[in-house]
Structure formats: structure tokens, C-alpha cells
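What follows is a single structure, written as C-alpha cells, with notes after it.
Chain naming here is simple, since letters A, B, ... match the order of the sequence lines and numbering starts at 1 in each.
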Amino acid sequence: MTTLPLIRMVKLAVKNLSQYKLRAGLTMLGIIFGVCSVVAMLSVGEGANREIQEKIQRMGSNNILIKSVKVPKDETSTETSRSMIASYGLTYKDAQQFSQYIPNLKASTPMKVLRYDVQYKARKLQTDVIATTPWFLRVQHYRMMRGRFLTSSDMEFGSPVCVIGSRLARILFAGYDPIGKTLNIDHDAYTVVGIVGDIAQGELPPQGELWLEGENQNVYIPLRTYLNKRGDLFAQWSEGGGTFEKIELHELILTIDKQENVIRAVDTARRILRKNHKVEDYSIVVPFELIRQARETRRLFNIVLGSIAAISLIVGGIGIMNIMLATVSERTREIGIRRALGARRQDIVMQFLMETLILSLSGGMIGLVFGALIPLMITAVTGVQTVLTFSSFAIAFTVSVTVSVVFGIYPAHRAAQMDPIEALRHE
Amino acid sequence: MRVPIVELKGASKEYVNGSLRVTALREIDLQIFPGEYAVIMGASGSGKSTLLNLLGCLDHLSKGDYLLGGENISQFSDDQLSDIRSRRIGFIFQSYNLIPQLNVLENIEVPLFYQGVSEAEAAERAGALAERMGLADRLKHKPMELSGGQQQRVAIARSLVCDPILMLADEPTGNLDSKTGNEILELIDELNAEGKTIVMVTHDDDIAHRAQRVVCFRDGEIISNDWNGASAP
Ligand SMILES: Nc1ncnc2c1ncn2[C@@H]1O[C@H](COP(=O)(O)OP(=O)(O)OP(=O)(O)O)[C@@H](O)[C@H]1O
Ligand SMILES: [Mg+2]
């Protein structure tokens, strides 16, 4: 069994297809749309996925984030509620117990997040002041742009120093070098020692999520310094008068050595918190869990997408089969002639299969081009992140070609099985 | 005695359509020798085309044996028969049977394509034959742009391109006026004079006189098998 040279089969197929340009074009449309939609959808999906993954990743997949949450008054039936001081949230005791009982704990980063007026000379604005420890920088993966971050000696001595977000630096200092300047935080003087980079770093719009919100406009000061100056009581003045809040820690970031230990650590932390707190005045966010959920969501998304893609490609394939059946019956006589002149059944199969293959290959190519252009356009117009991956090209392409060949085999087989004598008699 | 190119022994062909059985050929014995020009005659439905299709390896015998060039091909597979058709048989049809989307040259090349002859060689051989058939200035034309006589010349060129040992023609002049038909018949005479073995089906007695031999059919049986003036080889 020999097969005819491929190039000549291709030439023959192209020649035959060019007889029916309109028909060939319309048939290709099915494949074009199929491939195009698959590639476009995959890239939009992949873009959304990356965006979520990046955000979560930035929170640190080895971290456990615990945040104080204010509970409605009637639930906090402690004696402090009567004394106009709302006392809730994470305590130093919690933090101390975490350090003691959570195995594999690498670092514990406590944070107080307070809103204060921040002033440099005549410029003034209200922003979040975060009192924390030097570990903070490493846990949050921020980039230092100038100077240094808080150090352990800052902590030890309670030095009045601060590090400011790059955006705040721009707003307050407007061109001057902030390093070494004195910043007033609610009338306490702090010396600026460093500038910390944007979380966005040019990749994402600045409206980060969760507690990263507005980060680059923050002021970071040593926790020790703040405690020395202000203690744990925080007064907030509004038009009706003042409220006092006593919160020991607003947030706590627990860093675990390895990802596989995170879940166990969360359990321990939860047990400690349940024991120490009568009401649930805290919330736990586990980025690692979020990543897992995002992966699960993505898996589901892929299944849905895969089904849509499969359906659209099957529709395209049926279109091809339909047209090829019509073509075969129209060219019955040609098949008879070719058989009489020495074509074997396999030659006839190859002839029609090659036509199908060329239709679907060129349809696939055009589909890929449009499929790549559409996400670019979406990104250009809406700013939504899209990602073109090679695998989406490969998937769309191989699936479409496979489908076409599968649907092309039946018509080609039918052509080959015709009785040559009857085919020759066909009008 | 020479080895016959065609030898049918007790050849029968029966068509079965459900419960309906039609016997198109009944135990035919026939020999055709190299260089012969034989004409098959008979009423409509007598089995002439059936015989020609069998000789051309387009169909299998129901019973009996068929020896082509001394080789018994009765049990050959479909692929083997295809190969024989492309190498050893030249077909000429009443309705020309050219492929409409191919031009003259390409139509003549078709049998060579299935033999795997290179493009350059195929073009050369097809071109030479086209020239011989007086089609040199029509090579790039499609069949629809040609007259009936020209189309039949293309078909003859195509049947010759593989240098077959047996040429089969089923009423090749049936669709042509008598003048053009005559030209085609003269061409066939010429080929026979060059030594080609030809078997032709016709209804026309005048045409039959051109051949050395006339085989008459009735109801799937040979009723006469005469040599025109010549003696049996
Ligand atoms: N595929 C078929 N199925 C059933 N019967 C058939 C088939 N082909 C031919 N026959 C029958 O076989 C017989 C011989 O047919 P054939 O075509 O050989 O006749 P013919 O001599 O060529 O006639 P004509 O001169 O009209 O062409 C006829 O009775 C015909 O009806
Ligand atoms: Mg007939």
C-alpha cells in the first residue's frame, strides 16, 4: 500500500476547493468562529485568573491575616460597653499565645491601623497610620523606593521615625525630598526615613482589595513608638461628641514557614481565638485558601468554557460534514471517473479528507488570528487584563482540526465506498 | 497460438436487487488477442456494457474466470483492480467523462497521478498526446469550453497516457454527429493499426465493418462471433 505524495494531494484539494470559493468560505466560518471564540474566552478567563492570583499572592500564600471586627453594641455585654469605651478585637494576649502555640510560625506581625491627620508644613491630609514592626515589609512584599524601612532598633528605642507610601510622598512633599523631613502625625513629630513603593508598581490600578486599600498613601511607624506615645485607647471625634475605642491590635499577620502547614496553623489560631473571645470580634483571611478557591473557580470556569467550545466546534464540524456530503454527492461522477482511471478507495478518502483538512486548517488559522485580536481589543477598550497563552492556541487548534477530520471521515468514506459503475452513470 | 489479452471462461454476471435477480451475462467464453479490434453489438439490455465493465475491471464476475494478459484476476482485491485499471486499461466513454474543473492537460494526466508519475513527466506525456490529438492550443481549456469531438479526443488521449494493453470504448461516437464521429473512428483505426487492442461497443452496423471481428449479444449470451473477412488468429 503506497500513498500518493502529500504535496500533490494538497494541490489537488486546493484546486478543488477553489471551485467552490463561496461555499468553502462559508464552511470555514463555522471553524473560524469556533476557534476564535475559544481563544478569546480562554484569554479573558486567563487574564481574570491572573489578576486574582496576583492579588492573593501579594497577601502572601504563607500568611494568615487576622483582623479585629467591631460587633454591634448589644452583643458586647461587657462592663466596658457601659463606660462609653468600645473594647474589642485582637489582644496582645492572643498574639502572645499564637507565638507560643502555633507550630511552624515564622513571624507574627502585629499592626495598629489608625486614621490621623498627617501634616508637612502647610500641607495636611487624613490617612491611615499603621503602627507595626520591621517584619511588615517582608510579609507584605513591598519594595523600598528610598531610604530604609523600620528597624528593630526603632522598635527597641521607640524612635519617632516613619516610612511613607510613595503616593503620600508625592502629595505632601510635592517635589521635595521627604527623607529627613519632619512629619506631624496628629501633632506628634516623626522623621521620615524611607519611602515604600506603590503596591501597583505600574501593573495594576491602585485600588487594591482587602486591606491593601490605599496602601501607598499610608504612613508606617514603629509600634513601640506609638504605644509609648498613645497607648491602646483611641479617641474619635464626630459631630455627636466623641467615642473611645480600645483595640489592642487591629490586625495581625501570622507567617507560617511552609504552605502545607498553613491549614493546621489556622486551626490552632481559631481555637485560641475561640477560647479568648466571647464574641467573634475578629475575622480570619487565609490567602492560601483563597488561592485554592480561585483554582476551584477556575476549574469550573474551564469546564463551562470547554463545553461551550466543544459545542461550537461540533456545530462547526457538523457544518463541514454537511457541506462535504453535498460536495461528495455533487461530485459522484468525478469519483466514478477517478475510480475507473485507477484511483484506489484510499485515494478517494484522502482526496476528500484533504479538502476537509485544508478547510479546517485555514479556518483554524484565521480563527486564531481573530481570537488573538479580540482580547487585545478588549484590553485596549476596557482595560480588562487578558492573557494569550500558547496552550489556548494549541487547544483550540488541535481540537478544531480533530473535530473537522472526525466529521470529514464519514463523507470521504461514503465517497470511497461508491460503486464506480453507478457513480459513472450518475447524472 | 498467441496468449490472448482477454480470456473469459464461463463468465457470468448476475445483479441482485433484493429478491430481484437479473442475469446480465450467461457463461460467456471469449478470447481477444493482441492487436485485435473487436466490436460488440447487440440490442439494448443485452449485456454489452456489463461485459465492458467486467473487461475493464470495474466489476467482479459472479461466476467463471477472467484472465487479463494471462493473469487470472477473478479474485483480485479492489486495490489490485484499481492498479490494473490505471496501468493496463484505457477507457473511452460515450459521454466523455472528463472532470469539469480540470483543464485538458490535467484531465489527460489523471491516470498518471494515481500511478505516482512525477508532475514533470506527466505533463510531458500528456502534452505530447494532446498534441497528437490536435489539442495543442487547447491545453488550458476546461472541458466545457470544448466541442464534443474535442472532448472525446481529450478522453482518448487520457486513455492512451498509460500505454494500456487493452482499450475499451462504450459507444464512443454515440453523442457525436456522423462527421465528428467518423474522425474519432479514424483515430481509433489508427491506434489499432499501431497495434493497440481495442474492444468497442456500438449499435451501428457501418461502424462494425471497420473492425476485424464482431461479437453479437442477445440476453447476455454470445450469439455470433465473426471475423470480418479475416481468419481467426
Ligand atoms: N446495476 C444493475 N442492477 C441491476 N440490473 C442491471 C444493473 N446494470 C445492468 N443491469 C441489467 O443488466 C442487463 C444488461 O445491461 P447492460 O447495461 O449491459 O446493457 P447494454 O447492452 O449495455 O444496453 P444499452 O445498449 O442500452 O447500453 C440489463 O437487463 C440491465 O437492466
Ligand atoms: Mg450500454
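Here the closest heavy-atom approach between residue A:Ala343 and residue B:Ser82 is recorded as O-OG, 3.4 Å. Between B:Leu58 and A:Pro420, the shortest heavy-atom distance links the atoms CD2-CB, 3.8 Å.
For B:Ile89, no part lies under 4.5 angstrom from a heavy atom of chain A. Within the 4.5 angstrom heavy-atom criterion, atoms from both the backbone and the side chain of A:Arg339 approach chain B. With a 4.5 Å cut-off on non-hydrogen atoms, B:Thr50 does not touch chain A at all. With a 4.5 Å cut-off on non-hydrogen atoms, B:Arg158 touches chain A through its side chain but not through its backbone. For chain B, no part of A:Glu422 is nearby; none of its heavy atoms comes within less than 4.5 Å. In this structure, the portion of B:Glu106 lying under 4.5 Å from any heavy atom of chain A is its side chain and not its backbone.
Atom CZ of A:Arg414 has 12 or fewer neighbouring heavy atoms from other residues, nucleotides or ligands inside a 6.0 Å radius. Other residues, nucleotides and ligands contribute at most 12 non-hydrogen atoms within 6.0 Å of the CG atom of B:Asp219. Within a 6.0 Å sphere centred on CD of B:Glu194, heavy atoms belonging to other residues, nucleotides or ligands number more than 12. Around atom CD of B:Glu124, no more than 12 heavy atoms belonging to other residues, nucleotides or ligands sit under 6.0 Å away. Other residues, nucleotides and ligands place no more than 12 heavy atoms under 6.0 Å from the CZ atom of A:Phe370. Heavy atoms from other residues, nucleotides or ligands lying under 6.0 Å from OH of B:Tyr37 number more than 12. More than 12 heavy atoms of other shown residues, nucleotides or ligands fall within 6.0 angstrom of atom CD in B:Glu14. Counting heavy atoms of neighbouring residues, nucleotides and ligands inside a 6.0 Å radius, atom NE2 of B:His141 exceeds 12 of them.
Residues A:Arg333 and B:Ser95 have side chains that bring a donor and an acceptor to within less than 3.5 angstrom of each other.
Between the side chain of A:Arg345 and the backbone N or O of B:Asp78, no donor-acceptor pair lies under 3.5 Å.
The distance from the CZ atom of B:Phe113 to the CG atom of A:Asp347 is 7.5 Å, given to the nearest 0.5 Å. A distance of 5.0 Å separates CG of A:Leu424 from CG of B:Asn97, quoted to the nearest 0.5 Å. The distance from the CZ atom of B:Phe93 to the CZ atom of A:Arg425 is 12.0 Å, given to the nearest 0.5 Å. Rounded to the nearest 0.5 Å, atoms CD (A:Glu334) and CD1 (B:Ile99) are 4.5 Å apart. Distance CG/A:Asn16 to CG/B:Leu102: 7.0 Å, rounded to 0.5 Å. With values rounded to the nearest 0.5 angstrom, B:Gln101 atom CD is found 9.0 Å from A:Lys15 atom NZ.
In terms of heavy-atom pairs under 4.5 Å with chain B, the best-connected choice from A:Gln19, A:Arg338, A:Arg8, A:Arg331 is A:Arg8.
Under the 4.5 Å side-chain criterion, counting only non-hydrogen atoms from C-beta, B:Phe91 is not in contact with A:Ile337.
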